[in-house]
Trainee: 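Pasting a structure below so you can have a look.
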Amino acid sequence: MENGSEKTVITVVGKDTVGIIAKVCTYLAEHSINILDISQTIVQDYFNMMMIVDLGKSTVPFDECAAKMNEIGEEIGVVITCQREEIFDMMHRL
């Protein structure tokens, strides 16, 4: 990975509710996890967000971040998954 970059793909899917983006982004900011790209849509009350983040300067390791994202998802009623970029790319290659 170039320049200490540790890119991770975070996906959030579920029924739309107030504060989803705020909860996720607050955790990331508190742990020095940089958001590189973000896309979100709402289709008939269903929320979908995909983020590319960089854990290169994170204060927590990947496993801890992924576990906390899962916990936040359970708290707010959505499913949040974290995958390392290289694993995500391999899984989605045609």
Side-chain angles (χ1 to χ4, degrees):
M1 295 184 208
E2 54 186 64
N3 301 330
S5 171
E6 293 183 35
K7 289 183 182 175
T8 298
V9 177
I10 298 175
T11 58
V12 182
V13 179
K15 201 81 159 143
D16 188 34
T17 186
V18 173
I20 296 172
I21 296 171
K23 283 265 193 186
V24 172
C25 291
T26 297
Y27 175 83
L28 297 176
E30 288 173 348
H31 294 88
S32 301
I33 300 169
N34 190 31
I35 299 169
L36 302 174
D37 201 355
I38 183 172
S39 172
Q40 65 99 36
T41 57
I42 299 169
V43 178
Q44 293 187 4
D45 294 328
Y46 287 93
F47 179 87
N48 183 38
M49 178 169 66
M50 181 174 179
M51 307 171 86
I52 309 295
V53 301
D54 183 359
L55 274 74
K57 295 182 180 176
S58 176
T59 60
V60 295
F62 171 84
D63 292 339
E64 186 176 328
C65 176
K68 185 60 179 179
M69 287 286 108
N70 185 54
E71 185 180 310
I72 290 170
E74 288 177 3
E75 288 173 11
I76 58 178
V78 298
V79 175
I80 303 178
T81 57
C82 296
Q83 290 181 306
R84 294 183 192 276
E85 181 184 45
E86 63 271 14
I87 302 298
F88 184 87
D89 288 345
M90 291 174 129
M91 289 177 58
H92 295 89
R93 223 178 250 164
L94 292 176

Trainee: Rounded to the nearest 0.5 Å, what separation is found between the CD atom of E75 and the NZ atom of K68?
Mentor: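 It is 5.5 Å, given to the nearest 0.5 Å.
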Trainee: Any side-chain hydrogen bond (donor to acceptor under 3.5 Å, both in side chains) pairs touching residues 12-23, not counting sequence neighbours?
Mentor: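 Output for this query is empty, none listed.
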Trainee: Checking Q40 now: which residues fulfil side chain to side chain donor-acceptor pair (under 3.5 Å) with it, not counting sequence neighbours?
Mentor: none
Trainee: Should V13 and L28 be counted in the same cluster of Ile, Leu, Val, Met, Phe, Trp and Tyr side chains packed under 4.5 Å apart?
Mentor: no
Trainee: What closest approach, in Å, do V78 and G14 show between heavy atoms, and which atom pair accounts for it?
Mentor: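 For V78 and G14, the tightest heavy-atom pair comes out as CG1-CA, 3.9 Å.
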Trainee: Measure the shortest side-chain to side-chain distance between T8 and I33 over non-hydrogen atoms and say whether it is less than 4.5 angstrom.
Mentor: no
Trainee: State, yes or no, whether a side-chain contact exists between E6 and D54 at a heavy-atom distance under 4.5 Å.
Mentor: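 Yes, close enough: below the 4.5 Å cut-off.
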Trainee: Could you tell me which residues satisfy salt bridge (Lys or Arg N to Asp or Glu O under 4.0 Å) with E74, sequence neighbours excluded, listed by chain and number?
Mentor: none
Trainee: Less than 4.5 Å apart, side chain to side chain, heavy atoms only: is that true for I76 and I20?
Mentor: yes
Trainee: Locate the shortest heavy-atom distance separating C82 from I10; write the atom from each residue and the value.
Mentor: SG-CG1, 3.8 Å
Trainee: Scan residues 52-85 for pairs that pass ring-ring contact (aromatic ring centres under 6.0 Å, His included), counting only residues two or more places apart or in two chains.
Mentor: none
Trainee: Check ring pair (Phe, Tyr, Trp, His ring centres under 6.0 Å) between Y27 and all other residues, then give those that pass, not counting sequence neighbours.
Mentor: H31
Trainee: Taking the side chain as C-beta and beyond, is there a heavy-atom pair between V12 and V79 under 4.5 Å?
Mentor: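 Of all side-chain heavy-atom pairs linking V79 with V12, none is under 4.5 Å.
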Trainee: Sequence neighbours excluded, which residues qualify as side chain to side chain donor-acceptor pair (under 3.5 Å) partners of T59?
Mentor: none
Trainee: With sequence neighbours excluded, what pairs up with I38 under the side-chain contact (heavy atoms from CB on, under 4.5 Å) test?
Mentor: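 With sequence neighbours excluded, I38 shows a side-chain contact (heavy atoms from CB on, under 4.5 Å) to I35, M49, M51, given in chain and number order.
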Trainee: Looking at CD1 of I80 and CG of N70, how far apart are the two atoms once the value is rounded to the nearest 0.5 Å?
Mentor: 8.0 Å
Trainee: Honestly curious: do I21 and M69 fall in one hydrophobic cluster under the side-chain, below-4.5 Å linking rule?
Mentor: yes
